Structure formats: C-alpha cells, structure tokens
K.L.:
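One structure is given below, represented as structure tokens, and several questions about it will come after.
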There are 2 protein chains.
Amino acid sequence: MATDAPATPGELAPEDRLRAAGLRVTAPRLGVLTALEREPHADADTVARHVRAALGAVSTQAVYDVLHALTEAGLLRRIEPAGSAARYETRVGDNHHHLVCRSCGVVVDVECSGDAVPCLTPEPAHGFVVDEAEVTFWGLCPTCTSESKENA
Amino acid sequence: MATDAPATPGELAPEDRLRAAGLRVTAPRLGVLTALEREPHADADTVARHVRAALGAVSTQAVYDVLHALTEAGLLRRIEPAGSAARYETRVGDNHHHLVCRSCGVVVDVECSGDAVPCLTPEPAHGFVVDEAEVTFWGLCPTCTSESKENA
DNA sequence: TCGCTAACTTGACTCATTCCAGATAAGACT
DNA sequence: AGTCTTATCTGGAATGAGTCAAGTTAGCGA
C-alpha cells in the first residue's frame, strides 16, 4: 500500500502541496494540514490542540504563522462565520459554500447548487470588480433541531 | 411639510417602528436608528460616534444593548463581513445582499439578482433546517480599483 | 402622579488575534 | 557537509470587539 496517500484522490500529499507552493516542509506545517484534513472547519485553537497532540509543544505563534502562510499560499481557505472565530479548511479552489448551525456553530460544506455558479455575478456591480461570491446558509443542524423539538 | 418624515416611503418613522415592536422609545434608540439611516453598514463604534454627536454622552454599553435589542426585535440586521467588526443596517425584511471591498472595507447593497431568490435553498441540506442564505460578494470598489491601477 | 420595570451607566473583564524582538533551530541549495 | 535563509520559540504586551454585573435612571401604563 502507498504510504501517506493523499486525503482526496487526485490531490497531492501535504508534503508535496507545501513544496508545490514553494514553502518549506516543516513539522508544524504538516501538522496543521493534517489536523485540518482530520477536522475541517476547525478554528486556530482547535488546530493548535490537534497539532500539539501530534507533535508535542508547538507555540501559539507558530500556529497562527502557519495558518497565515498557508492561507496566503492558497493551501488553506479561511472562513469567518458571524459569531465565531476564524475557521480554516483545506478544500480550496472549488466553489463550495457553507451551512452553519445557529445553535451549535457546526459548519458543513455544501456544493454550489447544480454545476453552474449561480450567484457569482451580481447584476449591476456598482462599479466593483467582483472576484468572489461567498454564500453562507444559516439554520439548525439535525442534532440541534431534534433537541429543540424535545424542549417544545 | 410633514415633521420627521420616514426615511423610506411607506415605512414608519423611527419612533413608531420602536413602538410597533413593543419597545420603549428612548433617546439612544432613536439616535441609533437615525445614525444607521444616515450611514448604513456602520459598525458599533461609528454608530456610537454619531449618536454622541447628536445626543451628547451615551455609554458604549448602551449602544451595544440598543443594537442587540433592535436586532432581536427585527428592526436592524447585523452583518459581519470577514475581517471587519459587526455592521448594522436598517434595511430588513427584504432579501438583499452585500458587496464588500477587500481593500477599503466599504459595503454596498445589491439586490438579489432578478426577483426570485436564487440560492435560498441548498439542494441536499444535510438534514439542516435552513432559514437564511447570506450572500457576500468580494471585490474592489471603484475607488480602490483606480488607485491600484495608478500604482501599477 | 406613581410605581414597576425596562433601559442606561460605569467599570472591570474575556477572548481571539496581532505585534515585538532577540535567540534558536532546521530546510534546502551548492 | 556547510552555509544561507527562513521558520519557529519564548513570552510578554497590546489591541479591538464585545460581554458581565451591579447599581441608577427614566418610559409609560394605571
């Protein structure tokens, strides 16, 4: 069997992604990538805890530095749902959106409906040069829905 | 001429909107509503400055309380574009979206393309009960676009 | 006009994140 | 292997947005 198979078929392993982006391969960086593959949409603190569990001591600074560097390099995408700290994910490049639970804050990916990009261009763009359309769906996750029913 | 005509035709004056929502009419609340009608998409701090300019001393806490109460009551809508503090607007009830400048942070309203609501329902909602689709367009405003051209 | 209660004041406090700056460690090109 | 850089570490301090708590003020219905 292959060692360290990439999480997503067709994608490079963490190490190779770093190299491809012209970044040095370091333990904290691999740790951050691995942590986010294991738990997508984690915030900085959660990532730090994962990385520390895997590698031992890693400074908070280092985690923030890595998250910034990888986001800058396009290996991570940073999302910031209203009301929660910044979260990161390794799914980049595709146009997917997010579904956020108002109650527990959990975030799940949703594909952009259909294969076309529906809302990518607002009609009269007010002179803006638009480069991205971000769609966030708000609601209640299955767990929180059933919990609120119980209390009703 | 009518005194204190509502800002939007067909809408109630700030005072009446408060009463209609079952809220007490107080100077800070009227100040906040007026400030946001004058400058939509202002953050808490900007609102506080406007209100103080109009009324004299008003505590920061009062401004936050008012913003929360009015948001709760449905008189304000809170938006939180990534990277900036929470902003508020008095346009509620209609399904409009936002265009945010990556450079200067300015926010402008965009109508939801067409009259239908395009992206309101993600297809397989993963069991979520979705109640809102928030669309944010990112780009450069006309001013920042021309400035970046000059430096090129 | 009175009194109840919602709304406001003050001030301390949390939390995520950033900045700083010198010292150390470890990739990677030669 | 050696050197040059780029990352990371320690750890302290600062920032900005927003919250908590307890006491005071004032809207508004009776």
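Letters A, B, ... are given to chains in the order of the sequence lines, protein chains preceding strands, and every chain is numbered from 1. Since the model is a prediction, treat every value here as computed from it, not as a measurement.
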K.L.:
Rounded to whole Å, how long is the line connecting atom OH of B:Tyr64 with atom C1' of C:dT14?
P.N.:
14 Å
K.L.:
Does some side-chain heavy atom of A:Val106 sit less than 4.5 Å from a side-chain heavy atom of A:Val100?
P.N.:
no
K.L.:
Send over the distance from A:Leu67 CG to D:dA7 P, rounded to a whole Å.
P.N.:
15 Å
K.L.:
Under 4.0 angstrom, heavy atoms only, what part of the nucleic acid is B:Ala69 near: base, sugar-phosphate, or nothing?
P.N.:
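The residue B:Ala69 makes no contact with any strand.
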K.L.:
Say whether, by atom type as modelled, one donor and one acceptor occur between the side chain of B:His98 and the main chain of B:Val107 under 3.5 angstrom.
P.N.:
no
K.L.:
Would you say the side chain of A:Thr136 lies within less than 4.5 Å of the side chain of A:His97, judging by non-hydrogen atoms?
P.N.:
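They are not in side-chain contact.
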K.L.:
Stepwise, does the side-chain contact (heavy atoms from CB on, under 4.5 Å) test hold for B:Trp138 with A:Asp131?
P.N.:
CA-CA 6 Å; B:Trp138 293 90; A:Asp131 61 63; 4.3 Å; yes
K.L.:
To the nearest 0.5 Å, what is the distance between CZ on B:Arg52 and OG on B:Ser59?
P.N.:
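Rounded to the nearest 0.5 Å, the CZ-OG separation comes out at 7.5 Å.
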K.L.:
In chain order, what residues pass the side chain to side chain contact (heavy atoms under 4.5 Å, CB included) check against B:Asp65, with sequence neighbours excluded?
P.N.:
B:Gln61
K.L.:
Round to the nearest Å and state the distance from B:Arg87 atom CZ to D:dA17 atom C1'.
P.N.:
13 Å
K.L.:
Using a strict threshold of under 4.0 Å (side-chain N to carboxylate O), is an ion pair present between A:Arg77 and A:Glu72?
P.N.:
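So A:Glu72 does not pair with A:Arg77 through a salt bridge.
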K.L.:
Going from OG1 on B:Thr71 to CD1 on B:Ile79, what distance comes out if it is rounded to the nearest 0.5 angstrom?
P.N.:
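Spacing of OG1 (B:Thr71) from CD1 (B:Ile79) equals 11.5 Å.
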K.L.:
Does anything in residues 73-85 of chain A reach DNA chain D, meaning a heavy atom under 4.0 Å, and if so which residues?
P.N.:
none
K.L.:
Find out whether B:Arg19 and B:Arg24 are in side-chain contact, i.e. whether some heavy atom of one side chain is under 4.5 Å from a heavy atom of the other.
P.N.:
no
K.L.:
What's the angle between the local helix axes at either end of the helix from C:dT1-D:dA30 to C:dT30-D:dA1, using five pairs per end and rounding to 10 degrees?
P.N.:
50°
K.L.:
So B:Arg87 and B:Glu89, salt bridge (charged side-chain N to carboxylate O under 4.0 Å, His left out) or not? Walk me through it.
P.N.:
CA-CA 7 Å; B:Arg87 292 152 177 272; B:Glu89 62 184 352; over 6 Å; no
K.L.:
Produce the list of close N/O pairs, under 3.5 Å, pairing protein atoms with atoms of nucleotides 11-13 of chain C; give distances to one decimal.
P.N.:
none

K.L.:
Atom CZ of A:Arg49 to atom P of C:dA16: distance rounded to whole Å?
P.N.:
10 Å
K.L.:
Assess the residue pair A:Val110 and A:His96 against the criterion (side-chain contact (heavy atoms from CB on, under 4.5 Å)); give the C-alpha distance rounded to whole Å, side-chain angles, the decisive distance to 0.1 Å, and a yes or no.
P.N.:
CA-CA 6 Å; A:Val110 284; A:His96 75 275; over 6 Å; no
K.L.:
With a 4.0 Å cut-off on N to O distance, would you call A:Arg17 and A:Glu37 a salt bridge?
P.N.:
yes
K.L.:
Would you kindly give the CG-to-P distance between A:Leu55 and D:dT8, to the nearest whole Å?
P.N.:
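Rounded to the whole Å, the gap is 11 Å.
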K.L.:
Go through C:dT18, C:dT17, D:dT10 for me and flag the one nearest to the A:His68 side chain.
P.N.:
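Looking only at heavy atoms from C-beta outward on A:His68, the closest nucleotide is C:dT18.
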K.L.:
Using a 4.5 Å cut-off between side-chain heavy atoms of Ile, Leu, Val, Met, Phe, Trp and Tyr, which other residues end up in the same hydrophobic cluster as B:Leu55?
P.N.:
B:Leu18, B:Leu23, B:Val25, B:Leu30, B:Val32, B:Leu33, B:Leu36, B:Val47, B:Val51, B:Val58, B:Val63, B:Val66, B:Leu67, B:Leu70, B:Leu75, B:Leu76, B:Tyr88
K.L.:
Just how far, in rounded Å, is P of D:dT19 from CG of B:Asp45?
P.N.:
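Atom-to-atom, B:Asp45 to D:dT19, this comes out as 15 Å.
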K.L.:
Under 3.5 Å, which N/O atoms of the protein pair with N/O atoms of nucleotides 27-30 of chain D?
P.N.:
| from | atom 1 | to | atom 2 | distance (Å) |
| --- | --- | --- | --- | --- |
| D:dG27 | N2 | B:Arg24 | NH2 | 3.1 |
| D:dC28 | OP1 | B:Val25 | N | 2.7 |

K.L.:
Can you tell me how far C1' of D:dA26 sits from CG of B:Leu30, to the nearest Å?
P.N.:
14 Å
K.L.:
Evaluate the side-chain contact (heavy atoms from CB on, under 4.5 Å) criterion for residues A:Val135 and B:Glu134: first the C-alpha distance (whole Å), next the side-chain angles of each, then the deciding distance (0.1 Å), finally the verdict.
P.N.:
CA-CA 6 Å; A:Val135 184; B:Glu134 182 186 9; over 6 Å; no
K.L.:
Nearest whole Å is fine: how far is D:dG16 P from B:Asp43 CG?
P.N.:
12 Å
